[in-house]
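All values derive from a computational prediction rather than experimental measurement.
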Amino acid sequence: MELGLGAPTSPPPWRGHLLFRALVIFLCLWVTSEANEQHVELPPRGWNSYDSFSWTVDENAYLQNAKILAEKLLPHGYQYAVIDYLWYRRYVDGAYTDSYGFDNIDEWGRPFPDLQRFPSSKYDKGFSQIANKVHEMGLKFGIHLMKGISTQAVNANTPILDIETGKPYVENGRQWAARDIGLTHKTCAWMPHGFMSVNTNIGAGRAFLRSLYRQYADWGVDFVKVDCIFGTDYSPEEVITISQLLQELDRPIVLSISPGTEVTVPLAENISEHVNMYRITGDDWDNWKDVSSHFTVSSAFAAANKIGATGLRGKSWPDLDMLPFGWLTDPGVNQGPHRPCNLTFDEQKAQMTLWSMAKSPLIYGGDLRHLDNSTFSIMTNPTLLKINYYSKNNMEFHYVYGETTSNTRHSGHLSPRYTVNPTKHDGMVVGLTSCTNDQANGWFVFPQDGKSDHICRIYETENGKNVSFCLGKTKPLLASDDDINEKEEDQTKFHLAVADINDSCLDASASRRRTASEVKLLMFSRCKWHARCGS
């Protein structure tokens with residue numbers, strides 16, 4: 001620069017040094033901020049290979065599914081493309097879920113992809129090539145993992161990598177190996193010959209896990225589903241250690257844990273803050289018995305305020321498992337997709353509705369190469385997807401009850417637990433019935449201020465007086481309702497209203513509250529009868 005008319009001067013010798021240091025500090029803060037951003041503020045959505053391929057998926061089939069995911073479902077929030085279990089197992093005769101001796105492990109005891117199924121992995125014995133392609137599609141790349149360390153690695157007593165030195169891990173003057181950290185009494189319940197927990201109370205155990213997850217980050221992994229570590233295989237020390245190791249990384253990785261067999265709310269209380277997704281049920285397949293078992297557990301976790309609670313670098317979400325729609329395989333087989341979903345169309349809609357109301361992660365399980373229009377319409381239903389993302393304080397309403405009218409296959413015909421005559425009760429009863437039932441007739445649209453915003457039903461009492469019960473859509477009355485959704489047209493709620501009775505409201509009396517196992521009926525009562533009035 002020039003000062004007045006004098007000769008040009010050079011910057012002070014210390015100036016460039018300080019600018020460089022400031023730039024380095026800025027970049028470090030930027031990387032740290034990116035790694036710690038709230039990256040799971042909404043329930044994750046995506047696709048997982050398990051329901052359609054079991055463990056036999058290969059690179060070509062996976063990338064074909066990822067391409068369709070990006071083209072058709074990514075615009076609706078489905079962004080994670082996950083390769084499920086045993087991607088490191090050789091697909092040869094004799095290999096199956098709990099077989100021994102067929103896994104690819106490197107010199108440090110870490111699994112690497114089957115090179116026959118994933119040929120691009122030959123470049124780095126990893127998934128970086130596939131991850132790059134997935135990222136170019138605008139998707140995020142995920143893999144399934146088993147807890148701990150491979151039994152093969154323990155039996156081979158492979159050394160443990162110290163990622164700081166690139167050499168075998170040494171502590172207290174000795175070199176540590178796989179047999180020092182493997183807990184042979186804590187093998188996976190459903191894969192006892194495959195994997196076991198590691199001792200995270202010693203430095204060598206933590207060093208092994210650190211080398212694993214640093215490698216996955218180097219591959220470009222965005223999502224890990226760690227199995228045999230929750231529910232009946234609960235390993236809290238390892239979950240917490242993995243969570244801590246993921247926080248050391250310079251890029252965020254979503255942590256999902258499984259399975260959900262025998263998971264309870266108290267069990268989740270101890271672990272939900274360390275993860276982003278945690279299964280709360282066993283595997284869900286395409287039969288109504290599996291689907292219907294999710295209602296009670298969903299209600300319990302909602303009542304405990306676990307939906308969207310604090311989690312790893314963001315929030316955590318109770319996971320109801322994948323959606324087994326479309327073209328599927330069977331559990332535990334060495335076979336890819338070969339059959340359609342066994343759920344009826346209405347049952348699939350019911351499942352999608354429950355998953356959305358429970359704000360579960362939405363992970364599609366079918367082969368996307370056979371995605372039909374009906375299944376696509378379910379997976380992209382705009383109302384359900386908004387509920388899944390933006391609804392709040394979701395919970396079971398304990399005053400509505402319905403049951404099937406037949407012991408045969410689920411029919412969808414609902415009826416009250418017992419017959420109620422509204423004219424002989426102090427409170428009026430709104431029950432559930434099939435749309436084909438004559439009792440469903442008689443509803444009409446009632447316009448107000450030129451808008452058709454009330455749906456009403458007229459009841460005739462014994463004295464001949466008509467009483468109208470209406471379901472009306474109104475603007476929210478509470479400030480807390482204002483942020484339910486970002487669009488103005490969604491800033492509304494439905495409220496029950498009663499015409500011709502001045503002080504009736506929805507019964508929610510604390511003195512009459514019923515448990516989930518009791519009869520559930522939607523009732524009206526006089527507000528002075530201990531009911532909590534309001535919109």
Side-chain angles (χ1 to χ4, degrees), residues 31-48 69 73-84 131 134-135 138-145 213 216-217 220-227 229-230 239-260 263 268-281 298 301-302 304-323 355-364 384-394 483-486:
V31 170
T32 302
S33 175
E34 182 184 39
N36 290 283
E37 66 174 322
Q38 304 294 293
H39 67 298
V40 197
E41 286 296 289
L42 299 170
R45 296 176 187 167
W47 174 81
N48 180 291
L69 180 70
L73 294 181
L74 179 59
H76 303 277
Y78 294 85
Q79 61 177 329
Y80 294 97
V82 182
I83 298 175
D84 210 84
V134 169
H135 292 155
L139 300 172
K140 295 187 177 181
F141 177 64
I143 57 174
H144 174 286
L145 307 170
Y213 287 91
Y216 300 145
V221 172
D222 305 295
F223 179 109
V224 291
K225 173 185 173 183
V226 185
D227 213 334
I229 202 169
F230 197 43
V239 173
I240 293 172
T241 300
I242 293 171
S243 181
Q244 293 170 343
L245 294 175
L246 291 180
Q247 293 182 73
E248 293 178 4
L249 302 175
D250 59 2
R251 62 194 311 273
I253 294 180
V254 174
L255 176 56
S256 168
I257 60 173
S258 187
V263 168
E269 288 286 358
N270 301 322
I271 216 71
S272 60
E273 66 183 279
H274 303 287
V275 303
N276 302 116
M277 292 168 49
Y278 54 98
R279 280 273 298 283
I280 58 175
T281 67
S298 298
F301 277 81
N305 295 318
K306 298 305 294 178
I307 298 175
T310 299
L312 172 63
R313 287 178 171 171
K315 294 184 178 180
S316 61
W317 306 93
D319 179 12
L320 298 182
D321 201 13
M322 291 168 282
L323 294 160
W355 264 234
S356 298
M357 292 192 301
K359 304 197 70 168
S360 170
L362 301 178
I363 310 296
Y364 184 73
L384 294 182
L385 293 184
K386 288 176 183 177
I387 290 172
N388 178 250
Y389 267 179
Y390 303 115
S391 57
K392 292 185 177 182
N393 302 318
N394 301 4
D483 57 355
I484 290 176
N485 207 321
E486 75 275 23

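- Contact of the Tyr389 side chain with the Pro43 side chain is registered, since non-hydrogen atoms from C-beta on lie closer than 4.5 Å.
- Between Ile229 and Ile242 the shortest side-chain heavy-atom distance falls below 4.5 Å.
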key: Residue pair Thr241, Tyr213: steps toward the side-chain contact (heavy atoms from CB on, under 4.5 Å) verdict   = CA-CA 11 Å; Thr241 300; Tyr213 287 91; over 6 Å; no

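- Proximity of a side-chain donor or acceptor of Ser316 to a complementary backbone N or O of Ala309 within less than 3.5 Å is detected.
- Here the CZ atom belonging to Phe223 is positioned 11.5 Å from the CD1 atom belonging to Ile253, to the nearest 0.5 angstrom.
- Gln244 is not listed as a side-chain neighbour of His274, based on a closest heavy-atom distance of 4.5 Å or more.
- Taking both residues in full, the closest heavy atoms of Leu249 and Ala217 are given as CD1-CB, 3.9 Å, listed atom of the first, atom of the second, then distance.
- Residues Asp222 and Gln79 are not in side-chain contact: their nearest non-hydrogen atoms beyond the backbone lie 4.5 Å or more apart.
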message = Working note: Ile363 + Asp321, criterion side-chain contact (heavy atoms from CB on, under 4.5 Å); need CA distance, chi angles, decisive distance, verdict.
response = CA-CA 7 Å; Ile363 310 296; Asp321 201 13; over 6 Å; no

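- When all heavy atoms of His76 and Arg45 are compared, the closest pair comes out as O-NH1, 2.7 Å.
- To the nearest 0.5 Å, the span separating CG on Asp84 from CH2 on Trp47 amounts to 9.5 Å.
- Under the 3.5 Å distance criterion, the side-chain polar atoms of Arg313 are left unmatched by any main-chain donor or acceptor of Val40.
- Between Pro361 and Pro318, the shortest heavy-atom contact is CD-O, 3.4 Å.
- The nearest pair of heavy atoms linking Lys306 to Ser272 is NZ-OG, 2.8 Å.
- Counting only heavy atoms from C-beta outward, the side chains of Phe230 and Val239 never approach each other to under 4.5 Å.
- Between Gly138 and Leu74, the shortest heavy-atom distance links the atoms O-CD2, 3.7 Å.
- Using a 30° and 60° split on the angle between ring planes, Phe301 and Tyr278 fall in the tilted class, from 30° to 60°.
- A distance of 12.5 Å separates CD1 in Ile143 from NZ in Lys225, rounded to the nearest 0.5 Å.
- Taking each heavy atom of Ala131 and Gly220 in turn, the nearest pair found is CB-O, 4.0 Å.
- The closest side-chain donor-acceptor pair between Asn48 and His144, if any, does not fall under 3.5 angstrom.
- With hydrogens and angles disregarded, a donor-acceptor distance shorter than 3.5 Å links the side chain of Asn276 to the backbone of Leu255.
- Ser360 contributes a side-chain N or O that, together with a main-chain N or O of Leu320, makes up a donor-acceptor pair within less than 3.5 Å.
- Considering only heavy atoms from C-beta on, Asn388 comes within 4.5 Å of Leu362 through its side chain.
- Without hydrogens or angle criteria, Asp319 side chain to Met277 main chain gives no donor-acceptor distance under 3.5 Å.
- Under the 4.5 Å side-chain criterion, counting only non-hydrogen atoms from C-beta, Leu312 is not in contact with Val254.
- Side-chain N or O atoms of Lys359 include one that pairs as donor or acceptor with a backbone N or O of Ser391 at under 3.5 Å.
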key: Ile83 and Phe141: CA distance, side-chain angles, deciding distance, side-chain contact (heavy atoms from CB on, under 4.5 Å) verdict   = CA-CA 8 Å; Ile83 298 175; Phe141 177 64; 3.9 Å; yes

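- The backbone N or O of Gly311 sits nowhere less than 3.5 Å from a side-chain atom of Trp317 that would complete a donor-acceptor pair.
- Counting only heavy atoms from C-beta outward, the side chains of Val263 and Thr281 never approach each other to under 4.5 Å.
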